[in-house]
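So the structure is just underneath, and the comments pick up after that.
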Number of protein chains: 2
Amino acid sequence: MNSTVLPLFSPITFGRASEEIVLQVEAAIVDGRLAPGERLPSEREMQRQFGKGRGVIREAIKTLVQKGLLEVRKGAKGGAYVRKLDVGKVSESLALFLKQEPVAPEHLIEFRESIDRAITQLAMTRAAQEDKDELHAKARQLEALLAQDDPDLTVTGELDRELNLMLARMAGNPLLEWVMQALQMGLGSSDHALYEDPVFREKAAANWSDTAGAIARGELMQALGFIGHHYVLLRQCVRSRSQGSPETEIPFLADSSETP
Amino acid sequence: MNSTVLPLFSPITFGRASEEIVLQVEAAIVDGRLAPGERLPSEREMQRQFGKGRGVIREAIKTLVQKGLLEVRKGAKGGAYVRKLDVGKVSESLALFLKQEPVAPEHLIEFRESIDRAITQLAMTRAAQEDKDELHAKARQLEALLAQDDPDLTVTGELDRELNLMLARMAGNPLLEWVMQALQMGLGSSDHALYEDPVFREKAAANWSDTAGAIARGELMQALGFIGHHYVLLRQCVRSRSQGSPETEIPFLADSSETP
DNA sequence: TGCCGTAAATGGTACGACCATAGCCTGGCA
DNA sequence: TGCCAGGCTATGGTCGTACCATTTACGGCA
């Protein structure tokens with residue numbers, strides 16, 4: 001390797017040193033001069049190359065780790081390794097943001113409905129028939145699970161999440177898939193409220209099944225209609241819960257200021 | 001203040017110390033025990049409270065700054081202040097991700113088209129008439145600018161960005177507004193390619209004006225039609241550029257593998 | 001009363017030392 | 001000859017001290 005000479009980095013002379021180091025390393029990574037899996041010089045070696053104290057180097061590495069660009073391993077053959085960014089880091093950032101910035105449930109539902117409609121239209125025209133059939137099968141499986149007297153909400157929640165992600169994948173657009181992933185990871189999908197309530201539970205599951213069926217049969221308008229119905233149910237459920245139990249555990253159900 | 005006793009933090013005994021500190025402070029912030037604008041103890045004071053070295057404290061603070069939860073000021077009355085998270089941090093994370101994960105232009109266009117349609121429909125039903133008129137006026141202004149022989153692309157680009165954000169704001173849903181912001185900040189909106197080309201420039205501007213006009217008059221179907229046309233133009237432009245000049249400067253125009 | 005200089009608090013940096021860990025290498029044992 | 005154990009070494013993780021740079025506040029002086 002090039003462990004002897006590494007002309008990648010140059011000494012720091014101004015400003016906050018660690019920030020400058022962050023910029024240099026980050027630039028090297030996005031330029032491709034440092035590829036994922038590659039190992040940076042050791043902290044003591046970088047200390048020498050940058051002409052700065054080790055603490056500064058460590059703080060820069062900490063920042064880059066937080067950005068998701070590096071991972072560090074200790075021990076021999078340890079060090080900072082370039083990491084391929086994944087969408088999870090974005091979702092994490094989004095989730096933290098949404099924790100501090102409560103979103104009205106109506107806005108969340110509205111957004112999800114928009115994305116869902118776009119995904120469905122694309123999935124219908126692009127996905128393979130076998131994928132559509134598998135989606136339908138999974139939806140019927142969810143329906144069957146929720147028809148039981150005491151369904152395991154952990155399992156059904158996971159299945160619902162899987163259905164959403166599968167549909168998003170079928171749309172064949174990574175951006176839509178990432179948004180759906182971020183929604184799922186970022187705020188627990190809010191659908192679990194739907195499944196906790198025995199009244200809505202079966203309706204919602206049946207609706208999922210109807211939607212998947214329409215998608216499998218290629219009936220676009222019908223599928224969009226079912227999706228609309230899903231969100232009608234969700235809105236009803238959210239409204240009844242926010243009225244019925246003021247001490248709800250779901251944080252973002254608190255401030256609903258626009259239900260006329 | 002409570003600068004004498006601060007029972008918020010407890011000493012670290014296991015694992016990576018700085019990570020534990022990050023978790024404790026982050027928890028205190030999202031719980032509201034530390035409100036935006038509040039000041040954390042000084043590094044030396046926290047060093048005492050956590051029972052750890054100052055370097056560890058500094059690394060934890062660096063991480064929290066990167067997360068967007070803190071900002072630090074130096075000098076007397078300096079220190080780490082709790083910061084209100086803004087969506088810019090999410091956009092930043094997204095932009096970095098998209099730099100490492102090139103997105104096919106067709107996918108980007110498709111996504112933007114979905115969002116645009118959703119925004120337009122909502123804006124049309126919700127926005128005040130005066131906002132719609134202002135949007136139309138701005139669009140006509142853009143059209144006039146681009147009709148000149150040598151338009152200032154910096155100004156027109158900024159105006160286009162402003163138009164998009166204004167429309168998103170008119171939709172009255174913060175999530176859609178944030179997504180549009182993230183798109184604009186994250187990848188320069190890709191529309192600038194449209195305005196650089198004299199052939200597409202005027203068509204695109206006229207189309208913006210038509211769209212805004214339809215919105216102002218409340219003609220939904222017509223507005224959606226114009227939006228569709230905007231993306232037809234954008235697709236044509238992108239295709240012609242990727243064929244004509246292989247050395248295009250726009251990074252994500254490189255890998256287009258699905259134009260049949 | 002108003003201005004300026006000094007003191008104090010605080011983050012920023014440097015250096016040195018030591019510990020903990022993970023891979024490796026060597027030597028001894030079966 | 002083959003395998004296993006123990007030590008060796010590179011590397012991150014932590015600690016402590018000292019000093020520098022900057023910003024605010026306070027107090028003395030004109």
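So you know, we letter chains A, B, ... as the sequences are listed, proteins then strands, and number each from 1.
- To the nearest 0.5 Å, the span separating CE on B/M46 from CD1 on B/I21 amounts to 7.0 Å.
- When rounded to the nearest whole Å, the span between OH of B/Y81 and P of D/dT23 equals 13 Å.
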How far apart are the C-alpha atoms of B/R126 and A/E110, what are their side-chain angles, what is the distance that settles it, and do they pass the salt bridge (Lys or Arg N to Asp or Glu O under 4.0 Å) test?
-> CA-CA 13 Å; B/R126 283 188 187 157; A/E110 194 173 271; 2.2 Å; yes
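- For B/E59 and C/dG11, the CD to C1' distance is 15 Å, given to the nearest whole Å.
- OP1 or OP2 of C/dC24 has not a single side-chain nitrogen or oxygen of A/K77 nearer than 4.0 Å.
- Between the C1' atom of D/dC15 and the CD1 atom of B/I57 lies a distance of 12 Å, rounded to the nearest Å.
- Between atom CG of residue B/L183 and atom CZ of residue B/R112 there is a gap of 6.5 Å, rounded to the nearest 0.5 Å.
- In the interface, the side chain of A/R54 is paired with the base of D/dG13 through a donor and an acceptor atom under 3.5 Å apart.
- Looking at heavy-atom distances under 4.0 Å, B/G75 makes contact with a base.
- Separating the CG atom in A/L98 from the CH2 atom in B/W178 is a distance of 6.0 Å, to the nearest 0.5 Å.
- Within the 4.0 angstrom heavy-atom criterion, only backbone atoms of the sugar-phosphate kind lie near B/G79; the bases stay farther away.
- Set against C/dG11, D/dG16, D/dT14, the side chain of B/K74 has C/dG11 as its closest nucleotide.
- Computed from coordinates, the A/E71 CD to D/dT11 C1' distance equals 15 Å when rounded to whole Å.
- The separation between B/E45 atom CD and C/dT10 atom P is 9 Å, rounded to whole Å.
- A salt bridge does not link A/E59 to A/K62: none of the charged side-chain nitrogens sits closer than 4.0 Å to a carboxylate oxygen.
- Judged by atom type and distance alone, A/R58 does not reach the base of D/dG12 through any side-chain donor-acceptor pair under 3.5 Å.
- Atom NZ of B/K52 and atom C1' of D/dG16 are 14 Å apart (whole Å).
- Not one side-chain nitrogen or oxygen of B/R73 sits closer than 4.0 Å to the OP1 or OP2 atom of D/dT22.
- In this entry the distance linking CZ of B/R44 with P of D/dC19 reads 13 Å, nearest Å.
- Taking every side-chain heavy atom of A/A76 into account, C/dG23 is the closest of C/dT10, D/dG12, C/dG23.
- Between the CD1 atom of A/I61 and the P atom of D/dG13 there is a distance of 8 Å, given to the nearest Å.
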